[in-house]
Amino acid sequence: MQTKYQLYIGASVLAGVLLTLGFKDVYPDLERRYRQRKRRASVVRDAPTPSAKRRLSLRDNTSRSRSLAPGGPIPEGVEGLIGNTPLFKIKSLSDETGCEILAKAEFLNGAGNSPKDRVALSIIQIAEEDGLISPDSGDTIYEGTVGSTGISLAAICRAKGYLAHICMPDDQAEEKYSLLLKLGAVVDKVRPAPIVDPNHFVNRARSLAEAHTNDPEKRGRGIFADQFETDANWMAHFNGTGPEIYEQTTGRLDAFVTGAGTGGTISGVARYLKPRIERLKVVLADPQGSGLYNRIKFGVMFDPKEREGTRRRHQVDTIVEGIGINRVTRNLEAGRQLIDDAVRVTDAQASAMGRWLVEKDGLFVGSSSAVNCVAATKVARQLGPGHTIVTILCDSGTRHLSKFWAKAGDIGGSNEMTLDAVLTASDS
């Protein structure tokens with residue numbers, strides 16, 4: 001009997017050893033899948049869902065952000081300087097319209113100085129949780145961008161032990177290329193091309209990431225950030241920007257106005273605010289040459305500047321960088337049904353608003369911020385006095401000197417321009 005019992009014990013030990021050996025190779029993949037399922041299961045129930053078939057994770061990416069209270073915890077690294085940006089009143093626009101026009105100062109995010117800091121950090125954190133990247137291993141993050149996301153990724157990658165390889169159209173402001181190089185990123189300039197072209201900057205970044213991973217001679221892995229399609233984008237704004245706006249306004253606002261490039265900001269903020277604020281109006285600010293205005297207003301993706309034989313650029317015919325696109329991304333789709341209206345802003349109006357903000361308020365902003373302010377002012381005029389409108393100031397004008405501000409011109413002398421002249425400005 002004892003011999004039989006010993007045989008049972010021996011067989012059990014042997015089976016345990018074999019199972020351990022069998023699972024040790026597949027465990028990392030099982031753990032990664034478990035984390036993905038756990039994240040999907042944590043969907044916030046009161047957020048509108050773009051598709052009943054897809055359950056998404058919503059998590060707080062700003063929990064380590066800087067404290068706004070005196071004597072609060074000291075932030076750790078540049079990651080701690082992301083989020084909790086101030087919301088302030090633009091005095092000149094508010095005085096002229098009789099509304100409170102409030103701006104979320106996203107240019108004060110501390111890594112890449114734009115709202116893309118939130119997105120870049122979210123992408124990296126999720127990739128780390130899924131076991132796709134690990135610090136100081138040679139892992140490289142590839143991204144196709146017109147600038148701001150690349151700058152944010154380059155800064156945060158350096159802080160967290162990764163490398164950044166950025167593919168950009170070759171017609172962007174020179175300041176962006178220079179800044180990326182100073183942050184240690186590899187900068188790959190490509191000719192503007194339609195998204196169906198394999199040489200489009202987004203497609204090139206994807207293919208380079210795959211080639212890196214498959215090359216045994218290259219150290220580490222290549223990861224494609226995929227800012228236009230990844231849910232980590234709009235989720236960063238659902239978890240961060242939206243709640244911050246709600247808290248800073250105590251939930252009292254009538255309209256949220258912003259542009260869309262990837263669509264992550266407008267979708268994430270709309271998904272957070274819409275269920276919580278009755279009658280909130282969400283408005284897209286769109287530059288000339290972009291098809292999103294017509295997509296929201298009329299359900300079609302078309303702009304007159306995209307007619308056959310008239311298009312001068314492959315993507316969007318405007319001096320505005322960072323917003324405007326001629327395709328619907330996954331991130332825009334995540335909140336498109338929550339967007340109530342759209343406002344078209346011309347290059348001339350954006351340039352005039354850039355000058356106005358410097359001369360009236362001492363605010364030196366980039367092109368997308370100027371577009372947002374034009375649209376927010378138009379919405380204020382539509383709603384009438386006594387309303388509160390929130391918009392986004394994306395980045396500083398210092399990275400738009402050679403393009404947007406070259407057209408806007410120098411500031412000097414007394415300013416006799418009226419707000420009506422700003423809102424109706426046209427190219428001469």
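- Distance check: Tyr177 OH to Leu179 CG gives 13.0 Å after rounding to the nearest 0.5 Å.
- Closest approach of Phe88 and Ala105 over heavy atoms only: CE2-CB, 4.1 Å.
- Just one of Ile166, Ile133, Ile156 meets the side-chain contact (heavy atoms from CB on, under 4.5 Å) condition when paired with Ile141; it is Ile133.
- The two residues Leu284 and Ala260 have their closest heavy-atom pair at CD1-CB, 3.5 Å.
- Contact check on Glu128 versus Lys160 returns a salt bridge, with a Lys/Arg side-chain nitrogen under 4.0 Å from an Asp/Glu carboxylate oxygen.
- Counting heavy atoms of neighbouring residues, nucleotides and ligands inside a 6.0 Å radius, atom CD of Gln382 exceeds 12 of them.
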- prompt: Can you list the steps and then say if Ile323 with Asp286 is a side-chain contact (heavy atoms from CB on, under 4.5 Å)?
  reply: CA-CA 7 Å; Ile323 58 174; Asp286 209 33; 5.9 Å; no
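- Salt bridge present: Arg330 and Asp231 bring a charged side-chain N and a carboxylate O closer than 4.0 Å.
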- request: Could you go through the side-chain contact (heavy atoms from CB on, under 4.5 Å) check for Gln125 and Glu79 one step at a time?
  value: CA-CA 11 Å; Gln125 287 177 332; Glu79 304 100 305; over 6 Å; no
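- With no hydrogens or angles considered, no side-chain donor-acceptor pair links Thr418 and Asp420 at under 3.5 Å.
- The number of heavy-atom neighbours closer than 6.0 Å to CG of Asp410, taken from other residues, nucleotides and ligands shown, is 12 or below.
- The salt bridge (Lys or Arg N to Asp or Glu O under 4.0 Å) search around Arg206 returns none, not counting sequence neighbours.
- Residue Ser402 is tested with Glu175, Gln172, Lys176 for a side-chain hydrogen bond (donor to acceptor under 3.5 Å, both in side chains); the sole match is Glu175.
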task: Start with the C-alpha distance between Arg336 and Glu333, add both sets of side-chain angles, then the distance that settles salt bridge (Lys or Arg N to Asp or Glu O under 4.0 Å), and finish with yes or no.
output: CA-CA 5 Å; Arg336 184 170 62 87; Glu333 279 297 293; 2.4 Å; yes
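- To the nearest 0.5 angstrom, Leu383 atom CG is 12.5 Å from Arg381 atom CZ.
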- request: Given ring-ring contact (aromatic ring centres under 6.0 Å, His included), test Tyr272 with Phe238 step by step and report yes or no.
  value: CA-CA 5 Å; Tyr272 186 86; Phe238 181 97; 5.5 Å; yes
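- Taking a cutoff of 4.0 Å between a charged side-chain nitrogen and a carboxylate oxygen, Arg399 and Glu321 do not qualify as a salt bridge.
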